[in-house]
Amino acid sequence: MVVEGAVAERLLDDFRLLLGAGVELVGVDRERLADPVGEGGLGAHGTVDDPGRQKGLRPTGGVGAVGTRPVRPETDPYRGAFAERSRTPRMEFAAFAERAERLAAEPADIETTRLVADLLAAAGGRGKSDDLATVTRFLLGRVFPAHDTRTLDVGPALCREAIARAAGPNVGAADVEERLAEAGEIGAVAAGFDFGGQRGLAAFGEGRDRLTVAAVDAALRELAADAGDGSESRKRDALFGLFNRCEPAEAKLLARLVLGEMRLGVGEGTVRDAIAEAFLAEASADDGKEGNDGDDPTLRARDEAAAAVERALQVTNDYGRVAVLARDEGLAGLRAEGLAVGRPVQAMLAQAGTATDAVEAFGEVAVETKFDGARVQVHYVPESAAEGGEGLGPRVYSRNMDDVTDALPEVVEYVEARVSVPVILDGEVVAVDDDGDPLPFQEVLRRFRRKHDVDRMREEVGLRLHAFDCLHADGEDLLDEPLRARHDLLVDVLPDAAASVEFADDPEAIEVAEAAALDAGHEGVMLKNPDAAYTPGDRGRDWLKRKPDVETLDAVVVGAEWGEGRRAELFGTFLLGVGAGDDEFATIGKVATGLTDEALADLTERLKPHVVSEDGTEIEIRPEAVLEVGYEEIQTSPTYSSGYALRFPRFVGVRDDKSVGDADSLERVARLAGDGAE
DNA sequence: GCTGATGCGTC
DNA sequence: GTCGGAC
DNA sequence: GTCCGACGACGCATCAGC
């Protein structure tokens, strides 16, 4: 184990604190001591959550801060919760790993939810420990909640190196890579080495050096906070130290955790339901007396509990926090987590659908332009509208709730100039040229998360906000209002600038609108239910997105990569080329989706004999097979030799009727890229 | 100071 | 983002 | 319907290494 100076210092502090506080050493559960001493005290204190250590702003709201009161980005509602961390037994990382194994092995949804609920209950029995938030996030492969700017900055490469080091002097990064190719999954690779488990630091506390969930969490938070010169090797050291203390099952979980790929078959939906099941069961039971199958009160209560958890997640986007809230404050506490200006909400999402689908489902359809940009949410409390307090300058959040305000001064100015009441707006930021015409999505990317030279780039690529929804206006929360009403209010708060909507009740009219949108250079149209509420985070049927049917290209397979996970035994990706004369092929991208298991197996078998060379993950394949590949758009590419790449490539079929010479040519691709018409 | 590798987040 | 598979 | 995982391209930020 490597203990950095700061950690060591804190360890000592921690110990002094314990003694200084007059904690009785006699008769104290030995586990209470084993934690701060044996494992280095990494997780035994609240300092890791010190807001001062954060890289960026963490704009949040106080509990129940509904209405127009701005929430200062500087406040941190987590502080209180973590300040009271108890020094009580912690869940061992091995125990978590063991339960994770069982989860991964469980195929049935309902049983999975129960297992997760059990795990949450074990991690956070009320008043016993505070592993609940951590375990909840870990289950989803996260150390930090989604709405938190911190990142580990540890990816596959660094992880492999750390594993190699922990595996011993005879193991190099290349060996790890080889095993990865074999196993198809980093967790299995990590579990395959003997890292020494708990033997390493047996000197401490009679061999009690087992990793705890809290220790892993704290170590990863330390690691995330590191930056600057030498940080990469320090991160590698830290990770190495952790692996060194891992039994195989723990190593597997740790590797997956740092890469955010838990592969437990447990996602957000499962955790959401499990939180309700674990901590709101009493609420359900209270309501549920007798059962009549039509409207079973037990079921209704369960739905209510799940709904309360869901709503709290929509506004906080922090699974750990919501789990704690559900446990400690129940339904009432969850329901108190309302909308707050200054705290981003999950964005409402759309499914694919056609004009006919929309008309059939909604009758009258709200038709909007689908812009090819980046989704943003704008929160603003004008100085003049702040009740007594200060206003909140416009804050702009990405779909993932990252604060992107600084990169988008146009949006800030635009909103400041027009809006005079507190608002939460939903919209899309698009890149535009000097005439205001839309530019390709790639141009948006050049601006979106930029930190440097924002003003200079502004001259080159302009941005424009198209606001299309309003979640809060002048003290009123609008989530439950129908789209129609929300749009009316949007027009009220942004008089000359709200994105336009037109209403249509037949598919032909919608198609006309779609053609007009495409003609103007946009991506397609959104078809929305005018009577639907705004359901954050939901990809339901109330919003449909309609884009032109995919175009296809016949391309030659010139390479492949081995798959991971369920595709470990197969090629998972195919490198594509188009004819560039003289039996040469210029690469134009890779395709990996759209293949059924069967098609993938067939292609793998068929192409294996044509493998020319294998270099790490890269496999070169003799041009032999032609694939029909669908795509959304042809982009210019700095990566591929053709100079072009396909956006959203997907496998459509094998063109057995075509030889490689009949595949599409670079010439044709260039023509298609030119103006979309041949 | 520059370049390439790596990681992250947008679609 | 897209898509297939499992439930 | 919903959830989950196995994957695509791009551009910016950051760090290592020259």
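In what follows, every chain begins at residue 1, and chains take the letters A, B, ... in the order their sequences are listed. Computed from heavy atoms alone, side chains included, the values below leave out hydrogens, waters and symmetry copies.
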Undergrad: Give one of base, sugar-phosphate or nothing for Glu268(A), where a contact means two heavy atoms less than 4.0 Å apart.
TA: sugar-phosphate
Undergrad: Rounded to the Å, how far apart are Asp602(A) CG and dG4(C) P?
TA: 15 Å
Undergrad: So what does Lys547(A) hit on the nucleic acid, given a heavy-atom distance under 4.0 Å: a base, only sugar-phosphate, or nothing?
TA: sugar-phosphate
Undergrad: Write down the distance between CG (Leu445(A)) and C1' (dC8(B)), rounded to a whole number of angstrom.
TA: 12 Å
Undergrad: Nearest-Å distance, OH (Tyr644(A)) to C1' (dA9(D))?
TA: 16 Å
Undergrad: Answer yes or no: is there a side-chain heavy-atom contact under 4.5 Å between Phe468(A) and Met526(A)?
TA: no
Undergrad: Whole angstroms only, please: what is the CD-C1' distance between Glu551(A) and dT2(C)?
TA: 16 Å
Undergrad: Of all the nucleotides listed (dT6(B), dA9(D), dT10(B)), which has the minimum atom distance to the side chain of Ala157(A)?
TA: dT6(B)
Undergrad: Describe the nucleic acid contact of Leu264(A) in one word from base, sugar-phosphate, nothing, applying a heavy-atom distance below 4.0 Å.
TA: sugar-phosphate
Undergrad: With a 4.0 Å cut-off on heavy atoms, is Arg160(A) in touch with a base, just the backbone sugar-phosphate, or nothing at all?
TA: nothing
Undergrad: Taking only the side-chain nitrogens and oxygens of Thr573(A), find out if one of them lies under 4.0 Å from OP1 or OP2 of dA6(D).
TA: no
Undergrad: Scan Gly630(A) against the nucleic acid and name what it touches under 4.0 Å (heavy atoms): base, sugar-phosphate only, or nothing.
TA: nothing
Undergrad: Is the base of dC10(D) touched by the side chain of Arg647(A) through a donor-acceptor pair closer than 3.5 angstrom?
TA: no
Undergrad: I'd like to know if the side chain of Asp403(A) pairs up with that of Thr405(A) as donor and acceptor (distance under 3.5 Å, no hydrogens or angles considered).
TA: yes
Undergrad: Decide whether Thr112(A) and Glu106(A) meet the rule of one side-chain donor and one side-chain acceptor closer than 3.5 Å.
TA: no
Undergrad: Quick one: on DNA chain D, does Lys590(A) or Arg566(A) contact a more 5' nucleotide (nearest heavy atom)?
TA: Arg566(A)
Undergrad: Classify Glu185(A) by what it touches in the nucleic acid, base, sugar-phosphate, or nothing, heavy-atom distance under 4.0 Å.
TA: nothing
Undergrad: So what does Ile110(A) hit on the nucleic acid, given a heavy-atom distance under 4.0 Å: a base, only sugar-phosphate, or nothing?
TA: nothing
Undergrad: Could you check, using the six-membered ring where one of them is a Trp, whether Trp543(A) and Tyr534(A) have ring centers closer than 6.0 angstrom?
TA: yes
Undergrad: Which is true for Val266(A) with a 4.0 Å heavy-atom rule: it touches a base, it touches only sugar-phosphate, or it touches nothing?
TA: sugar-phosphate
Undergrad: Of all the choices, dG8(D), dG7(B), dC3(D), which nucleotide is nearest to the side chain of Tyr640(A) once you look at every atom?
TA: dG8(D)
Undergrad: Honestly, is Arg165(A) close enough over Phe240(A), meaning NZ or CZ under 6.0 Å from the six-membered ring centre and within 45° of the axis?
TA: yes
Undergrad: Would you indicate what Val444(A) reaches in the nucleic acid, counting non-hydrogen atoms under 4.0 angstrom: base, sugar-phosphate, or nothing?
TA: nothing
Undergrad: Using a 4.0 Å heavy-atom cut-off, does Arg447(A) contact any base of the nucleic acid, only the sugar-phosphate backbone, or nothing at all?
TA: nothing
Undergrad: So Arg450(A), base contact, sugar-phosphate only, or nothing? Heavy-atom distance under 4.0 Å.
TA: sugar-phosphate
Undergrad: Let me know the distance between CG of Asp542(A) and P of dG1(D), rounded to the nearest Å.
TA: 12 Å
Undergrad: Rounded to the nearest Å, what distance is computed from the CG atom of residue Leu152(A) to the P atom of nucleotide dG9(B)?
TA: 10 Å
Undergrad: Just the rounded figure in Å: distance from C1' of dT2(C) to CD of Glu628(A).
TA: 16 Å
Undergrad: Students often get this wrong, so: under 4.0 angstrom with heavy atoms, is Phe448(A) touching a base, only sugar-phosphate, or nothing?
TA: sugar-phosphate
Undergrad: Would you mind classifying the nucleic acid contact of Thr112(A) as base, sugar-phosphate or nothing, using non-hydrogen atoms under 4.0 angstrom?
TA: nothing
Undergrad: Over all strands shown, is Gly540(A) touching base, sugar-phosphate only, or nothing at heavy-atom distances under 4.0 angstrom?
TA: nothing
Undergrad: If you assign Arg272(A) and Gly589(A) each to the DNA chain D nucleotide with the nearest heavy atom, which residue ends up on the more 5' nucleotide?
TA: Arg272(A)
Undergrad: Please give, in whole Å, the distance from dT6(B) P to Ile186(A) CD1?
TA: 14 Å
Undergrad: Can you list the residues that meet the side-chain hydrogen bond (donor to acceptor under 3.5 Å, both in side chains) rule with Ser233(A), with sequence neighbours excluded?
TA: none
